[in-house]
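Take a look at the structure below.
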Number of protein chains: 2
Amino acid sequence: MDVVTGAAEDAAAANRSTGGTDRGPKQDRSRATRQRILSAALACLAEHGWAGSTVAVVCARAGVSRGAAQHHFGTREELFTAAVAHMAEEWQASVRERARALPGRGRDRTYAVVDMLVAVHTGPLFRAALHLWVAATDEPELRERVAALESRIGREAHRLAVEFLAADESVPGVRETVQATLDMARGLGLANLLSDDSARRAGIVRQWSRTLDAVLRPPDPAA
Amino acid sequence: MDVVTGAAEDAAAANRSTGGTDRGPKQDRSRATRQRILSAALACLAEHGWAGSTVAVVCARAGVSRGAAQHHFGTREELFTAAVAHMAEEWQASVRERARALPGRGRDRTYAVVDMLVAVHTGPLFRAALHLWVAATDEPELRERVAALESRIGREAHRLAVEFLAADESVPGVRETVQATLDMARGLGLANLLSDDSARRAGIVRQWSRTLDAVLRPPDPAA
DNA sequence: CGAAACAATCAACCGTGCATGCTTTTTTCC
DNA sequence: GGAAAAAAGCATGCACGGTTGATTGTTTCG
């Protein structure tokens with residue numbers, strides 16, 4: 001469902017940029033160019049931030065001319081609007097990839113899920129998202145797009161966390177605790193921005209997963 | 001100690017901007033102008049972000065000319081370097097102010113401390129800091145300054161949280177849990193950037209303060 | 001051949017640091 | 001103590017570099 005929505009938005013953006021009625025690039029090389037530009041846009045965001053990700057910088061990164069970029073995305077705004085949609089796809093792929101190797105159950109599972117969630121939030125994709133997130137506060141056209149992305153990723157992250165943790169949200173407090181876990185992961189992503197925070201982070205992940213496990217699976221009162 | 005350090009840095013910045021050997025502005029009106037500029041810089045950061053906080057925008061906000069700003073801060077970099085130091089002072093004043101009305105002890109206390117920490121991280125000062133934090137990743141001159149500020153505020157926040165919570169850090173896991181609480185508060189600050197997140201937040205604060213209380217004050221095994 | 005895709009160039013605008021000018025306050029000199 | 005000079009503080013304007021969207025030119029594909 002989310003993947004389908006993303007593709008529809010992507011096609012709409014393609015229509016806008018070419019002014020045509022067809023469904024995106026016609027040539028394979030054009031599709032490849034477009035992909036390269038979008039990937040470069042996200043990479044530049046992560047490395048250079050919003051202000052540093054000028055169209056020229058993105059083009060240099062993608063190895064294409066400004067004219068080529070302009071063919072696909074008439075304005076900087078359109079470029080990053082498409083990049084937002086691209087980011088949603090990349091995010092989902094990233095989480096799916098990481099979820100593959102989770103242990104079966106118990107405290108090891110809880111630890112691994114927390115570790116994974118934190119890893120997602122300390123990676124380059126979150127970094128790019130963070131830059132967009134912060135920049136969107138003063139970019140009216142971008143704001144709505146980014147707010148929608150944030151909302152969607154947030155809901156999806158929550159859904160996946162509940163699923164991976166096998167958490168029962170009908171138990172009072174579980175829902176909020178899972179949410180707190182994600183907010184903490186975001187905070188850790190922030191803390192990793194200017195310097196490597198991994199040592200401190202490891203201790204926090206270990207402890208949080210213990211606390212989380214205790215909340216999700218309280219000791220049996222009958223035992 | 002931190003206040004003294006802040007003042008020394010402030011004086012050093014003043015020396016730099018005037019090229020003199022004296023200790024900052026000589027006239028009261030000059031001190032007032034400087035203060036206005038710095039306050040405006042922080043307010044603009046919170047509202048417009050880094051890219052939007054041009055010297056012209058800050059001056060308009062402060063109600064001074066660009067020449068006046070330039071007298072105090074020769075470059076944009078110097079302006080925001082001083083703003084960083086100013087931010088540290090404002091942050092401390094803010095926390096002190098909020099700490100005044102904390103209840104005495106128990107779960108109410110824990111809740112109030114968590115609520116306060118989260119409130120600090122969802123206010124305009126944190127918002128300004130966040131913009132600086134993110135922008136600093138691609139501003140070499142600013143990076144070091146902001147990293148130092150982040151480090152200092154982080155340590156101070158931790159120290160105060162431990163103090164206000166009357167937490168015993170020799171108990172295994174308490175230190176990490178307090179740190180995680182702060183990281184969670186930062187994540188909640190982030191979540192409040194593009195839209196009002198207060199409803200979700202209230203639930204998380206309530207629930208987490210319960211969990212935190214249970215961690216800090218586990219049930220007496222002898223009872 | 002025309003459309004699509006890409007490349008290169010242009011003009012307008014903005015932000016910055018620098019320079020010059022004006023006003024207010026402090027210091028120096030008699 | 002008062003006038004003049006100097007310093008401090010503030011105001012205005014300029015030149016430059018970078019970014020952007022628009023425009024024109026070239027290459028590739030169907």
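Chain A is the first sequence line, chain B the second, and so forth, proteins listed ahead of strands; every chain is numbered from 1.
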key: Any donor-acceptor N/O pair under 3.5 Å between C/dG15 base and B/R66 side chain   = no

inquiry  = Taking CD in B/E163 as the centre, count heavy atoms belonging to other residues, nucleotides or ligands within less than 6.0 Å. Is the count above 12?
reply    = yes

Looking at [options], which one has an atom nearest to any side-chain atom of [X]?
| X | options | answer |
| --- | --- | --- |
| B/V55 | C/dT16, C/dA19, D/dA22 | C/dT16 |
| B/Q70 | D/dG21, D/dT12, D/dC10 | D/dT12 |
| A/R76 | D/dT23, D/dT20, C/dA7 | D/dT20 |
| A/A68 | C/dA4, D/dC10, C/dC6 | C/dC6 |
| B/R29 | C/dC6, C/dG17, D/dC10 | D/dC10 |
| B/H71 | D/dC14, D/dG9, C/dA19 | D/dG9 |
| B/V64 | D/dA11, D/dT28, D/dA22 | D/dA11 |

task = Take B/G67 and B/Q27, find for each the nucleotide of DNA chain C with the closest heavy atom, and name the residue whose nucleotide sits nearer the 5' end.
result =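 Upstream on the strand: B/G67.
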
key: Salt-bridge criterion met for A/R143 and A/E139 (N-O under 4.0 Å)   = no

Criterion salt bridge (Lys or Arg N to Asp or Glu O under 4.0 Å) on B/R152 and B/E156, from CA distance to verdict = CA-CA 6 Å; B/R152 193 164 84 208; B/E156 184 66 7; over 6 Å; no

